[in-house]
Amino acid sequence: MLDGRFANIGWMQELPDPVTKITWDNALLLSPTTANRLGVKQGAMVKVTAGDRSMQAAVFAVPGMADDTAAIALGNGRKEVAGTIATDAGFDAYPMRTTAAMGMLRGASVQATGDTYTFAHTQDHGSIDAALIPSVPHNSVQERLPTLVRETTLESYRHHPDFAEHAVHVPHRLSLWQEGNLDGAQFRWAMSVDLTTCTGCQSCVTACQAENNIPIVGKDQVKRGREMFWIRVDRYFRGADPAKPDGFAVQPLTCVQCENAPCEQVCPVAATVHDSDGLNNMVYNRCIGTRYCSNNCPYKVRRFNFFDYQRRDPIREQQGPMQVKPEYYVETGPDEWLRMQFNPEVTVRMRGVMEKCSFCVQRIAQAKIKYKNEWAKAGGTASGKPNYSIPDGAVVTACQQACPAQAIVFGDLNDPTSKVSKLHAARVSYGLLEELNTKPRLKYMARVRNPGVDHGAGGHGHDHGSGDGHGGHANNGTQNGAQA
Amino acid sequence: MTTFAPTTSTDHDAPAARRRVHGVLAEFHDPHALMHAAEKVRDAGYRYWDCHTPFPVHGLDKAMGVQRTILPLLVFGAGMTGTTVGFILQAFTNASSISLWALVWVTGYPFLISGKPLLSLPAFIPVMFELTILLAATSCVGLMLLLNGLPWLSHPLLGNKRFLRATDDRFFIVIESRDPRFFRSRTEEFLKSLGAKAVEAVEA
Amino acid sequence: MSAIPSHGNSGRLPGFEETDNTADVPGKRATLVLHMDRFNQVTRQVCQVAESKRPPFAWYAAFAVSLSLVGLLGICVNYLIFTGVGVWGLNNPVMWAFDITNFVFWVGIGHAGTLISAILFLFRQKWRTGINRFAEAMTIFAVICAGLFPGIHVGRVWLAYWLFPIPNQMDMWPQFRSPLLWDVFAVSTYFNVSLLFWYVGLIPDLATLRDRAKGTIQQFAYGLFALGWRGSNRHWHRYERAYLLLAALSTPLVLSVHSVVSFDFAVSQLPGWHTTIFPPYFVAGAIFSGFAMVVTLAVPARQMFGLKDMITLRHLDNMNKIILVTGCMVGYAYSMEFFIAWYSGAMYEKFAFVNRAFGQYWWAYWIMVSCNVITPQLFWFKKIRTSIPIMFALSLVVNIGMWFERFVIIVTSLANDFLPTSWDFFTPTWVDMGTMMGAFGLFGTLFLLFCRYLPMVAIAEIKATMPQADPHWPGYGHHHGAGAAHAAHSPDAPHAP
């Protein structure tokens, strides 16, 4: 939200911080060691004093911060100019900013006030790292991390180019039945995400939200774990000690469009089914909301409309008993301009239905119509069965379009020359949780790092790619740049 | 002890009189006495008669000569119908795209579900089983009532004061007037001779 | 009126000075009905509840509490339906919590009723007659409570009828591969068959009430539902066949219902749910919780309505033995889950179970283990099995434990599954709590109404288990030395009021 000028945009507020995963707030970031030493827990309110200037903020200890350093993003919490949406969102760091050093402040002191503050997270609810969720067995995250985010160093990759295949050892994946339902399909849409180039900036998240009419649910609902993003960027710290992480990994995750989708078989009303292109489609007007599909989704990428977040029809004045408005609404009112932010190509979901990533099926449909028309105009209908093809790159998903690193590639697997076919065929390509035989259509390119020389100065930094302005660095060390 | 039983049909019994009484009931105070009496009534060759007890008395079926009911066979048939209906329902709706007329026109809708085959018998078994049980059980109760001629709320016996205790602690034998061997006075005599504590006619 | 004084409600304290008929005397028929040797006494003792002008004060008190909980249920369900499922504490990984926990809990409670009425019938366990009627009633009311939850938990309640294969213009059909749809068929079949079974058993007893009724309304109401039953032996013949068939059909049904409920979990791929042990484990658990609920209900009911001579210590003792056995089976299942998780070597499986015992919900897990496995071991002692206050307390403990079992299975598995990034924690809201309490209120209301207006003990069936019911009973011999019982058959025995 830059210096705060974009603070009043719901999309910006709800977009989680790439590292802390906090939404609707900024926080005073400390390293776990420093937080321990100061005796403050997650969410403790502190008073930061430097000379005659002071501010209050809630603490969030995050692995990778340099010790004895505090950081806070500018732009939030500007009460008088906050606007309707950013009201009460975050803490104002401007009082600490001086012309002497715009982004940094030395010799600040931090003191706990005794109050506590609750953050709304989209990940690791209430804890630095999932491994530290009180009394969750400790090594459980670290144990599974190498299989989820497969990575290696360039050095090691040169010797073991097949490392991604060997991250999980599974016996032959045999089906109990003949799998052939998708044979002979005209298209096989698929996606590839390159973990090496992904920076975790989350542009894809907001792009998807804009494209697919995904509601903003507000801080209270995020706190309850009901954020609606169809694509999320998972963040992991590697290493046994969260105070000194060995590394940091991000992994964008949409619905992976499993060929053997576990969600489909459990839906009692066939509201989520496969189409012949291999897409796992969600049929909103058939959904009755048993939520069983989400329970059976190993990736937990399905999102449920717990309330009528959008109001059933954004164009209509809402009336009647089915339209009870809980306080969770972000009041949009009957404003013509706000209505126009909706994408007319995408259904607006009512409460009680499940939704999820559709691989931007509306864009696929548009491309199909276009190329089928061309094929028909060229006399193709004479041959009967449609055998038009869609050139590689004609369908671009919203997340792919927004990705500055071009880490996301989408295309047709039936076309052996398409970029996605080639990427899927690469040795570093792997499917998340593919040992469950879900046969995901989204595959990751395992991450290959070139860590270079360890300078031995401080911990690893982290990358705030979202463009948040960082101000008020009260430190007596140096802030390392992003290394990964 | 069949001496009181008429040996010929009751042609001297006026039709009007027959209409007046439903039959004759005899009251007994314990199952033991009832059973012995029932054996005698059976041996006397009556056809339209019955015992009425507050609870099923063990061995009375044999004493009365009641034939085994065909209920189990019918229930088996209903159960098998349930299995078939269950299979057809699922195969038609989930694995076929044929249209057929079942009161209204309906069409099957095959979906691609989790890459599974359309016709997957293992997944269909639970519903087939449940429908088997459902049809068998409902028809079991329905047919039991039907074969018993129930519900019949206005049965003549239900109007009899003495008969009220048939659901409490008394045991009755009722010989109906439509029985070819029924002759009111003689039948009453006969029942008294069987050790009945009370014998009386039941108004029709 | 009776020559033998009634032993029903003579103000004895619970657990104090009850006749101990729990020991079997070899070669002798066990006493199932105490202090009664006339059929008439049984009729009177059971019918007095429905015929009395007003029930005991405790009934009113319990009814008031239950009814107000039903009011709470109404408020919660309305709020839920008009606002959205979000009024519950559900979140993204934990999409099912109290709703399905309550569903499985109530379905489980129902199982004891069918077990008593069907399986014990097939095994010719005559002691079932004392408790089968209200155990079956309990089944039906429990299944009603159970059916409530899947009905209201869906996001769009007004479309829940799409679960049934009703022809429609869109040719949309249910998806028969879903365990949830199997559930729809299993639970609705179970409800129908249980209701039929219960009603078939009730017919002769309704006829008894009809024949004893004084008022016209009672006569009409009982008469209508008695279907004109008149105890004809030709009817009894088919009736008994039908009853046997129903028992034979209900036995696989009751085993299938909780198996199908367990398929909701076992057929999914979630670690902690995806377990082949679930069907037998769920059935054992269901019987366990169901018998505990029967004890919970039987102890106050026999006290309140003076049915101690028909629901005797022997019955309670037998039920406690079943609780002990099924409790051990459940304990075995708990340990076997851990063993298999370890033996499988699967990372996610192992974590799911370690997390259950030591993770976020460790307290729920240990409540479950201590209530379901450790406490019922006390039933090894006969003193405890036959002590009314202790068995009542233990049955409550088991009920609590079995509720937590379902909570542990559902919530801990969902909260921490494959990807650590989607982990979350479920916290119930007041609506969750209110709906759960309300279901208990609904159950209580229905059960209390049943106690008040219908025969709580199967009159005809229990008479048939009395020694006098056998025409070959030695007392009917020509020797009049058969004891005092024979006096009951003097012709001048007065008609019951």
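Keep in mind the model is a prediction, meaning the values are calculated, not measured.
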B/Pro151, part contacting chain C, at a heavy-atom distance under 4.5 Å: both
Any donor-acceptor pair under 3.5 Å from B/Asp168 side chain to C/Thr208 backbone: no
Heavy-atom pair count under 4.5 Å with chain B, highest-scoring of C/Tyr199, C/Trp229, C/Tyr239: C/Tyr239
Side chain to side chain, B/Val57 and C/Asn233, heavy atoms closer than 4.5 Å: no
Side chain, backbone, both or neither of B/Ser154 within contact of chain C (heavy atoms, under 4.5 Å): neither
Option that, when pairs with chain C are counted at under 4.5 Å, heavy atom only, ranks first among B/Leu34, B/Val127, B/Thr132: B/Val127
Residue, of B/Met35, B/Gln90, B/His58, B/Glu27, that accumulates the most heavy atom pairs under 4.5 Å with chain C: B/Gln90
Check: B/Gln67 main-chain N/O paired with C/His237 side-chain donor or acceptor under 3.5 Å: yes
B/Val106 portion near chain C, given a 4.5 angstrom heavy-atom threshold: both
Non-hydrogen side-chain atoms of B/His52 and C/Trp236 separated by less than 4.5 Å: no
Minimum side-chain heavy-atom gap C/Val184-B/Glu130 below 4.5 Å: no
Validation row: C/Arg241, B/Val75 side chains within 4.5 angstrom (heavy atoms): no
Polar side-chain atom of C/Arg230 near backbone of B/Thr167 as donor-acceptor pair, under 3.5 Å: no
Side-chain donor/acceptor of C/Arg238 to backbone N/O of B/Ile70, under 3.5 Å: no
Max heavy-atom pair count under 4.5 Å with chain B, selected residue of C/Ser232, C/Pro165, C/Gly228: C/Ser232
Leading residue by heavy atom contact count with chain C [cutoff under 4.5 Å; candidates B/Gly79, B/Pro56, B/Cys51, B/Gly86]: B/Pro56
Test item: B/Phe129 and C/Thr189 side chains (from C-beta on) under 4.5 Å apart, heavy atoms: no
Contact leader toward chain C among B/Leu89, B/Ile113, B/Thr93, where contacts are heavy-atom pairs under 4.5 Å: B/Thr93
B/Phe124 portion near chain C, given a 4.5 angstrom heavy-atom threshold: side chain
Chain C contact via B/Leu145 - side chain, backbone, both or neither, heavy atoms under 4.5 Å: side chain
Worked check of side-chain contact (heavy atoms from CB on, under 4.5 Å) between B/Asn94 and C/Gln175: CA-CA 7 Å; B/Asn94 276 198; C/Gln175 205 275 98; 4.2 Å; yes
Per-residue contact mode, C/Pro252 against chain B (heavy atom under 4.5 angstrom): both
Contacting region of B/Phe92 [heavy-atom separation from chain C under 4.5 Å]: side chain
Minimal non-hydrogen separation, C/Ala242 against B/Cys140, with atom names: O-SG, 3.5 Å
Nearest heavy atoms of B/Ala137 and C/Leu246, plus distance in Å: CB-CD2, 3.8 Å
Straight-line distance of C/Trp173 CH2 to B/Phe111 CZ, nearest 0.5 Å: 12.0 Å
Side chain proximity check, C/Arg177 to B/Ser120, heavy atoms < 4.5 angstrom: yes
Option that, when pairs with chain B are counted at under 4.5 Å, heavy atom only, ranks first among C/Ile203, C/Val193, C/Leu245, C/Asp205: C/Leu245
Within 6.0 angstrom of B/Leu100 CG, more than 12 heavy atoms from elsewhere: yes
Residue part contacting chain B, namely of C/Leu244, when any heavy atom lies under 4.5 Å: neither
